[in-house]
Amino acid sequence: KANVLDLAYKKTNHLIKLYLAKTKMENMLYINSQTNSIENFDEIMKTDVFALFYTYTYDINHKFEFNYFSNFIYNNSYGIDKLIQRGGYLRSTNSFRKLDIFNEIVYRTDTFFNEDWYDYSLGVKYNYSESLKFSLKGENLFDKGYEQSYFRIDPLTNTQLEPLKSTTV
């Protein structure tokens, strides 16, 4: 069950979006670390989500974006009364004749890992022609990006395999 409010306001070069959600999840699946198996979570898990997005478009070739979010998770399967996740990003995209430039910094923190993650990425693309483009991109240049774990289960033995890890860019 979810209650969601999704609003957007636009005036000339400004776009503001607000997202609020309150959810209740019953019988959610999770990996039990004691038994290494998938189980249904006995309690009702609740979340409160707030997200704010802002975009300023200077002109067709130049744009600035900002995002902030907070996610509060109650009665979660991690055994924490209230798990808090926060984060956001600043992004700039620019085009100058045949050159496109992209800059982004991403921030994330949560109370489960008690860690802060920063990710800076940038890219440059030269549009030589319609069919030929040269690009150079650097991702997670601070080497401090958030690493997401994707948990896997062996369907034959119902045991947990080593998680796959990926940084979000």
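These numbers come from the heavy atoms of this one structure, side chains and all, not from hydrogens, waters or symmetry mates. This structure is a prediction, so every number in the text was calculated from the model and none was measured. Numbering of residues begins at 1 and proceeds along the displayed sequence.
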Item to check | Side chain proximity check, Leu99 to Val124, heavy atoms < 4.5 angstrom | outcome: yes

Checklist entry - Relative to each other, are the rings of Tyr126 and Tyr128 parallel, tilted or perpendicular (30° and 60° limits)? => result tilted

Next on the checklist: For a 4.5 angstrom cut-off between non-hydrogen side-chain atoms, does Asn103 reach Tyr120?
Outcome noted: yes

Checklist entry - Counting only heavy atoms not in Asp42, do more than 12 fall under 6.0 Å of its CG? => result no

Next on the checklist: Does any part of the side chain of Met25, heavy atoms only, come nearer than 4.5 Å to the side chain of Thr47, both counted from C-beta?
Outcome noted: yes

Item to check | Under 3.5 Å: donor-acceptor pair, side chain of Asn127, backbone of Lys98 | outcome: yes

Checklist entry - Does Phe72 reach the side chain of Arg86, with side-chain heavy atoms less than 4.5 Å apart? => result yes

Checklist entry - If we ignore angles and hydrogens, is there a donor and acceptor under 3.5 Å between the side chains of Thr57 and Asn13? => result no

Next on the checklist: Angle between ring planes, Tyr54 versus Tyr56, binned at 30° and 60°: parallel, tilted or perpendicular?
Outcome noted: parallel

Item to check | NZ (Lys22) with more than 12 external heavy atoms under 6.0 Å | outcome: no

Item to check | Non-hydrogen atoms of Thr12 and Lys10 that approach each other most closely | outcome: O-CE, 3.8 Å

Checklist entry - Heavy-atom count around Ile60 CD1 within 6.0 Å, excluding the residue itself: above 12? => result no

Item to check | Close side-chain approach of Asp119 to Trp117, heavy-atom, < 4.5 Å | outcome: no

Item to check | Validation row, ring centre Phe64 to ring centre His14 under 6.0 Å | outcome: no

Next on the checklist: More than 12 heavy atoms of other residues, nucleotides or ligands under 6.0 Å from NZ of Lys133: yes or no?
Outcome noted: yes

Checklist entry - Looking at side-chain heavy atoms only, is the closest gap between Phe69 and Val49 below 4.5 Å? => result no

Checklist entry - Are Phe66 and Leu15 connected in a single hydrophobic cluster, I mean Ile/Leu/Val/Met/Phe/Trp/Tyr linked by side-chain heavy atoms less than 4.5 Å apart? => result no

Item to check | Closest non-hydrogen atom pair between Lys63 and Thr55, with its separation | outcome: CD-CG2, 3.5 Å

Checklist entry - Do His62 and Phe96 touch side chain to side chain, with heavy atoms closer than 4.5 Å? => result yes

Item to check | Close side-chain approach of Leu52 to Ile16, heavy-atom, < 4.5 Å | outcome: yes

Next on the checklist: Donor-acceptor pair, distance only, cut-off 3.5 Å: does the side chain of Asp110 make one with the backbone of Gln85?
Outcome noted: no

